Every structure is written in C-alpha cells, then in structure tokens.
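Below is one structure, written out as structure tokens; comments come after it.
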Protein chains: 2
Amino acid sequence: MKFMKVNMTDQTIKLEDVPQDYMGLGGRGLTSIMINKEVPPKCDFLGPENKLIFAPGLLSGTSLVNTSRISIGAKSPLTGGIKESNAGGTVAAALGRLGITGIIVEGQAQEGDLSILRIDKEGKASLIPAQEYRGMRTYQFVEKILETYGKKTAVLCIGPAGEYRMPLASIQSSDVDGRPCRAAARGGLGAVMGAKGLKALVVDQGGKSADAIADPKAFNEAAKVLAKIIKEEFINVNMMAPLGTAGLVAPLNSMGAFPCFNATKGVLDGWENISGEAMAELIKKRGGNTTHMGCAQCVVHCSNIFVDKKGKYVTGALEYETIWSMGGMTGIVDLDTIAQLDFLCDDIGVDTMSTGVAIAVAMDAGHKKFGDGKAAIEMVKEIGKGTEFGRILGNGPAAIGKHFNHARVPVVKKQSVAGYDPRAMLGHGVTFATTPMGADHTAGNLVGLYLTQQLDPLKPEGQVEASRFIQIAMAAFDVMGLCFMASVALLTPEAGEAFLKALNAKLGTQFGPDDFPGAMGIRVLKAEKEFNRRAGFTKEDDRLPRFYYEEPLPPHNTVFSITDEEIDSTFDF
Amino acid sequence: MKFMKVNMTDQTIKLEDVPQDYMGLGGRGLTSIMINKEVPPKCDFLGPENKLIFAPGLLSGTSLVNTSRISIGAKSPLTGGIKESNAGGTVAAALGRLGITGIIVEGQAQEGDLSILRIDKEGKASLIPAQEYRGMRTYQFVEKILETYGKKTAVLCIGPAGEYRMPLASIQSSDVDGRPCRAAARGGLGAVMGAKGLKALVVDQGGKSADAIADPKAFNEAAKVLAKIIKEEFINVNMMAPLGTAGLVAPLNSMGAFPCFNATKGVLDGWENISGEAMAELIKKRGGNTTHMGCAQCVVHCSNIFVDKKGKYVTGALEYETIWSMGGMTGIVDLDTIAQLDFLCDDIGVDTMSTGVAIAVAMDAGHKKFGDGKAAIEMVKEIGKGTEFGRILGNGPAAIGKHFNHARVPVVKKQSVAGYDPRAMLGHGVTFATTPMGADHTAGNLVGLYLTQQLDPLKPEGQVEASRFIQIAMAAFDVMGLCFMASVALLTPEAGEAFLKALNAKLGTQFGPDDFPGAMGIRVLKAEKEFNRRAGFTKEDDRLPRFYYEEPLPPHNTVFSITDEEIDSTFDF
C-alpha cells in the first residue's frame, strides 16, 4: 500500500505510505475522494493545480477474475467537473502486483518537455525523456515501448490528441496482446496527461510485491465461487462471450431505443448490417476472433479482433457504444468503416463515443451527409493532424454545435450520451442527467433490467429508484477494479455475499451488506457531487438537453417525461 | 413608462405597464435586476430562455446632458454570467423620448429568420423581415436603414459576427452622424441578438411622448448646474475634449502600467507614435475632427473622426482601449493600422478590446509576430468571413489560448482585461477580479484617482476600498444613462447633491445621499452577484490569471499583491 507521487514540475518521484484518510480506497473511490479533497475545483484543468490520479482497483492484482480495471481521475477538460474514467487491459493488475495503490501526478512539466513514467518489476520508477515519441500515434508508440521494455509491459499512453490537449482526448490502455485498443476514453483525461507533459505510464507486469492478503485461504475459496458466477452469468454466456457488447445492437433497435441520425430516430434502417450477430459472422468468416480475452484475468471474453477481408488486423475491442456512435448516430451502416473509425480513434487517442456524436452533430447541421463514411474518416483524421477543424471537433459535440449553430446536441455537462435513448429508456435519462460524470452509461446502466423485463423502460415509475440503486452499486464496484460485466453479475444477494467474503478476506475487515456496496458507493458519489458543487454545478446542470423533452422519438413517439423534481431526488441519500 | 415585450418565437410585440418590481429602474439597474429575476442562470445563452434587454437610462431623453447611454443586458455568451454593456449614440435618447423604459426580447425566431425591430415616432413597433440584410456589415447596413427610414433614425445592430453568434460579437450603435462606430462591445451581446434572430433595433429619434417630469423647473435648474460641472471638469477639459480617451496613452506609459506585448511589459517602446497627442496632431493635419460630438446631448466631445492621408473617413470614436488592445498588446505602433482595425471590428461587429487581446495571445503563442499589422488585419477579416480560424478567434482570448496551448491569457471570467495592468495599478486588478461582468474597466476604473495622486497605484493599502467605492458609484450612474466622463465628474459631494436634485425633480422622489449612489449601486451589484452565484460562479472565479501573481511587470518589476482574502472582501456590503 504505497502512493507514488510524481511531481512533473521538478521531475521528482516519491513513494509514500497511504495516509489514514485514503486507507481502504482504490479505483474510483481513491481518485474521486482525493480529487475532491486536494484539487481546487475551479483550477485550470490543464494547469499545474490539477492532479492526474491512476488507481488500480482494491482487488486488482489478486487472483480474483475480472479485476483489471484501472481508474483514472482528474478535473475534466470536457465537463469542468470531476472525472473518473476506467479502462481494462493489463496495467491495473501490474500495479496491484507491485503494491501500488495510486500514482498521483502533480504539477506541470516545462512547456515542450515530454516524459514516460517507467516502473520496473522491482517497483523502481523513473521519468524518462520521451521527445522522440512526440506526436506519435498509440499503436506505433506501444510497439516501440514493447520492443524496448519487453512484451510483459503494460502501457497507458496518449496519442496526438492528448498532446494537443483536446477535451475528447483519451488515455489508451494496452490489452493482453500489447495493443492499445482499450481506453479510459471519457472526459478528456488524455488532455490532462498531455498538459502534465506525460506521454505514457509503462509498467512491468512481473511485479511480485503485491499487498498481503489477510486470509488467503478464505479469499481463494470466495474467488473461486465468484469466478464461476461471473463466467456463468446469463448475459455474459449468451451475449458477451459470443457477440461482445455489440450484441446490444439488436435488442436496442427492437426496443426502439437505439439513437440514430443524431438522436432523431430510435430504430436504424439497416441495423442488421452492424449488429453483433453480423459482426461475429463477418469476423469468423475472415478468421478474426469473436471471443477475445482483452484484459488480464478475464473469464467473460467480451472483446474481439476485427480483421479485414485478407484477415489482417483492423481494430480490437470493437464495442457496442462505438458501433452506436460511429454507426448509429452517423447513419454509417458499414462495419468495415466503423472498425476503421474505431482504430483511428484509438490510434489518435480520442473517445469514440463523443467523437462519433460530434460527427453526427456536424452531419445533422448540414456539414456533411448522414451515412458518409469517407467524410467521417476524414474528420477523425483532421483531429489527428490538429487542423483547425480537427481542433474544434476535438472539443466535442457541444463545441461543434456552437460552431455550426445547431442546437440538437445530445450531451449532459458537455459529455455525449451513450447508446440508450432517454425517451425510450427513461432510466438512462435519469443516469445521464444526474451522474457527476456527465452523460455516462457505465455510471448506472439499466439495460439489464430492461432486457430481463424487471422494469418497463417507457413508464416513469421506478426509474429514479433503479438509477439510484445502480449508480450506488457501480460506484462501489468501481472501487474494486471489477469490470462492468463482472459487476452486473454480482448484483444478486448470493453473489454479493460471496463478494463480501472475498473483500473481507483480502483486507481483514468485517464489512457487512450495509457497508458494501451501499455505504461505499454513497461515499464516492457524495464526494463527486461535492466537488462539482464547488466547481459551480447546480441542479440545473442535472438536466437533459431540451430536445429530449420536446421532440418525440420514433417509433414510440414519446418524450422524456421524468420531472425535474424526480430527477433532483436521485441523489437523496 | 412602458415595457415593450418582443417575443421572437411567435413574432409578437406587446406594450405593458412597468410592473411594481421594476419601478424606478433604468439602464443597468433594469437589465441586471430583471435578468437575475427572470433568466434561468444555467440556460443556454443562445437559446430561447435567455432575454436580451435594451434599457435607456432613467434620465435618457431628458434635457440633462450626457445621458445618452443605452444599457443592454443578457446572460453573456462570453462569460456565462450576467452581462450589462452600455453604448453611447442616439438610441437611448430616442427611446426616452418615446417613454419606453425597456425593450425585452424573449424567445427565439425560427432558424434562418432575421428581423428588424422598427419603432416609429409615434412609438408603434413592428418586426420587419430582414433577409436582404443577412451577413451585411454594420456601416453598409446603417446606411441602407437611414436611406429607408430617414436620417433621424437611431440604430443598434449586429454585423456578421453577431449573426455567427460569436462570443466576441458586439452590438453597434449609430452616432449623431449615423455611423455605427459606437458599441455595446463586451460580453458577446451581439451573439445573443443574432441567436434571437434580430438584426437591428431601428428607432425614430423624433418621439414626443417622454415620461413627464415631476418638477420641470427644478429639473431644468439642476440640469443646468450639472451641465456646467460636467463640461468644466478638469480631465474632461484638459484631456477628453482635446485628445479623447486616447490621452491616457502617455500617462499610462509614464506610470509603467500600459500592458503591451500580451501583458509582458508596462511601457511600450514607441508609445509616442500612438498617443492621444500624436493622434490629435495627425487628425488635425489631415483635416479630421479631434473633438467630435458622438452622442446625443454630449458636452464633453471625447470622440473623434480619424481620416486617412486624403482626408477620407477611416473610423470614428477611436478610443484609448482600442489603441491599447490593437496597438499596445500587439506591439503595432502605427495609428493608421490601428484605425483600420478599429473600423473592421465595428464593421464586422466585434469587441475591439477582446479581439485585440485574442490577437496578442495568438502572437505571444508564436502564431504571428508581435507588431505585424498586416497579420492582425487578416485575422480580423477572418472573423468577418467566419472561417474556422476566425470562429476560434471570435470565441475570445481564452479560446485562442487553449487553441495554441498558451497559458498567458489576460482574462477574468473569459473577458479580456483593459489597458491598466493590475501589477502596476493594483486597484484595477481588484475591479477586474471582482466585477460580475468579467474583467472590465468601466465597472470600476481607478485611473482618475491615480492620475490625481489621491491613491498610490503600487501600494496595496486602500485599493479594495477604492474599487468598492467606484464599483458602487458606477453601478448607480449606469442606471441613469450617464456616460463615464459625466459620472466621474459627478463624484464630488457638490455635484452629487445637484444630481440628486435633478433625479428627485424628474421622478418626484425624495432620494437622499444614502439612497444614491450607495443603496442603488449596491442593489444592482447584489443582483448581479446573485445571478452569477446561481450560474455556478464561486469566489475562485474572482481571481486574476496566475501570471499576474508570478511574472513581475517591467519597469516596476512588481506582481499583483492583493491577497485573496482582501479580494473577497470587496463586495462586503
């Protein structure tokens, strides 16, 4: 349990014991509570006062499956509020195996300086000048890093967009094959990293100084039970493994909740061409991989390797949200184009979701035609080149809306919504409006409840309660380093009990069902809300854009109908 | 006393009695108190919920001299907070003579619609389609309007920048010669007007239905006394009449407080070439006018007509702040270039101050060289054309700073400072930091105190108190429609007494020295602070940019040294 404090101003690195205030926190719990405590809420997000915090989950690096999420936090260049964005890959486990609870990057390098933070398998850290990598895209960069430091290296890095400090810039994370196709994509954390003068975090995966487990036997028993639950969970078996998250394309369209053509329709003509089923068929035919293990210790295998007609790698981890934003919102019903857009975004280092939505807004405003895949590819390339238009696009959908004087911009707190239209899935509207992160699906995704018919997505009753419940649970699971698929599998009382056993065995604690996920999740959410309040957010910021209240969405032809009072009660706890 | 409510959504116009809540308010008092009461503080400033309010001063349209300021208010597209920007010219008196207390423009026209609000001399108002004027610059536009409606017409209008809805867009005001060389320049009110779908307000100056004066005899007597005081005030006689506000160039340089080269120096080599004295000599030699009457009923004549070598009109009302921003900040020590930049800004409809500062930031970031007048002219032309770079520039200095990744951006609340460096004139730093308007000199300009040696600009003692006093007084005088030169002349107790007599004679009230300016100014400032607080501003927004605290300004080599605690006490009333 160590904090690594990296001061970019004087280029020093210090290891410190974790202070009492932060004991028992990992992942999003650590990033959010520390940001609320230590980052001035009105500071320049690209200045020295912002902190960029990397925190593996509390259970990352243990033998428990699917604990390979790394949380990254800072004040967001996109929303101006608090931000936690987490990514899979290999780095969380690598840090866990080194006993590193958090890496806190502070200050700011001299203008023009660029470094890599390298941590070897003994846990020794150094800042290495990285001028030769300036402007380099992520795939080439990671390839060179693996050549230099060996294949067993975990990498988090930024591409040109992060170096340009664009509000859509992501931090890309290398997967088990050493490809930077996973991302802490949302909220512009790549811009914070670029502003600090940090190109990458490069960690040896061979660490052997993980924190001791209080009761190894009990932990291993519980971990075994949990692995079985996660692996055998219904949706994971029937959708995530064979199709990945792309399996959501079909049900979302059949439910009329697939926002397309910049959220003017809920069913996309031609969705069959970009569905999970279509993608799996295409990938299989071409010899790719439909059930790829992307993250360390994963038993779900929701990832994939998308290949071209010749069987050559195009992109990895092509997910539902990217297919939705780059395909649905833009009307581009062609998987090859979408895969290329996904690769370009990963390579340049930008969020596929907000980028796709920004392109859709530009198309809706008449800049280009819906469905024009070539135009979309050119636009993303402009981001990579840092042209003037590329920089406007890199500022996100709200900036594009202002640029083209177009009001239909599906964002909350300037962050784009995800692929669940709030008019046809009311609870997602509650989550998008109220999460401190800006519109975000992972903060409280209700699609599982809708798919299993536990909740009617079109009836206002119960939506606020459901969103509140899931937001609390997700905030707690994000402390642990668990991925979304694992978290969802653990929402049953039986699974929750097994999880508590594992957690207590790891920490030597006596947490009960009131402590986790409830109290933990609420503690995290309260810190996040408090930061945003001090940054100037009010309840008026917890609102969807007007068009969701005014423009009915076909085919249900409904509008968003949760009242402001109900919305404002979501965080009543 | 009538409100004219103009609903752009359904294109209706209603005349209403002034409700009790707004009785006795004019100018900035009316705009700010109404915005705080009626505009949702988190609304989209370019959306239908924002209101654009035109309010002549309480005394506009009477026989009292120098009461020709019109206040325009809205939620600002530049700062995101409350905004009042006032302009001289002829329109305030024209509205006063029609008994119109305020024009409240609400809602939003259909996308693509553009209208003129025309008010004839009987006070009859109509919205007239104005498609043929789309994209037209202000000089040509006003010329056409005067051809159509006669020379005795007062015009407020936007240029292309307002139609593009740029945060630097101004609302231009026609002077006594019918030239749109005066401006409500700051805070992007032109963008709000453009977003409403309103190209211009066109008012006949021949109205004869002014509100009755309670005691005409007493009013006329007091007005005569005040005219003499204003006309004979020392600075007005010795600087404003012969040199205009440009007379400040010399003393500001001699005091080392003239921010130049993007606020890296306090004395400009070559300032003699762009001083008020140099300009007066040049104008006289070429046959222009150095003591021009720009506004209705003016006795100060601080305006001018700048002509070229052939004696042809180049621009009007070339003022200190423009010479500073376009000449000092950019290092362009050439009056002909500065005059051309001033004309271009007026013609396109953007704030000369924030535009000059944005250009200076771009130059400081290495985009162009300091002193490159041709480059500056090209940049302003790009705003007019609405190119991608022009749109970034039209977003203001902070946006340019982000675009070029350059941190030295002299703004508060995204609005540029004025030509008084806070490191060499500490009290201006207090005003820039604390006024609800974003950095602004008219909100509380202490230069008179420094010039007359009543206060040492380099000593922290007394600066907060002086800024507080002047901010309160200015807020009160802005209610009356008095121009800055007149307001300053009225700060003595004797003048204040005469002014109270005039005010009471006009309104039939019994206001005493506690009521005005004190209570009135405080009431206005409190409303403005409250709006900003609800819009998300905190005391952290009342701060100067970091470089003012860190980079000493030659020649005094001092930094800004007022503590945050002192700053936060400015509005303790």
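In what follows, chains carry the letters A, B, and so on, assigned in the order in which the sequence lines appear, proteins first and then strands, with residues in each chain numbered from 1. As the structure is a prediction and not an experimental result, all values here were calculated from the model. Every heavy atom of this structure was used, including side-chain atoms; hydrogens, water molecules and symmetry mates were not.
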Answer key: most heavy-atom pairs under 4.5 Å with chain B among A/Arg391, A/Glu540, A/Glu111 is A/Arg391

Look at A/Arg533, A/Met166, A/Arg165 and state which one has the largest set of heavy-atom pairs under 4.5 Å with chain B.
A/Arg165

So, do A/Lys402 and B/Leu46 sit near enough that their side-chain heavy atoms are less than 4.5 Å apart?
yes

Check this for me: B/Glu550, atom CD, are more than 12 non-hydrogen atoms of other residues, nucleotides or ligands nearer than 6.0 Å?
yes

Just wondering, do A/Thr538 and B/Arg534 contact through their side chains at under 4.5 Å, heavy atoms?
no

Chain A heavy atoms under 4.5 Å from B/Pro167: which part of the residue, side chain, backbone, both or neither?
neither

B/Lys414, NZ atom: more than 12 neighbouring heavy atoms under 6.0 Å:
no

Approximate separation, where rounding is to 0.5 Å, of A/Thr387 OG1 and B/Phe389 CZ
13.5 Å

What part of B/Asp44 gets within 4.5 angstrom of chain A, counting heavy atoms only: side chain, backbone, both, or neither?
side chain

Is any side-chain heavy atom of A/His403 closer than 4.5 Å to one of B/Glu388?
yes

Between B/Asp542 and A/Lys42, does any NZ, NE, NH1 or NH2 come within less than 4.0 Å of an OD or OE carboxylate oxygen?
no

Is a salt bridge present between B/Arg546 and A/Glu49, judged by a nitrogen-to-oxygen distance below 4.0 Å?
yes

Side chain / backbone / both / neither for B/Phe404 at chain A, heavy atoms under 4.5 Å
neither

Let me know if A/Ala535 has heavy atoms under 4.5 Å from chain B in its side chain, its backbone, both or neither.
backbone

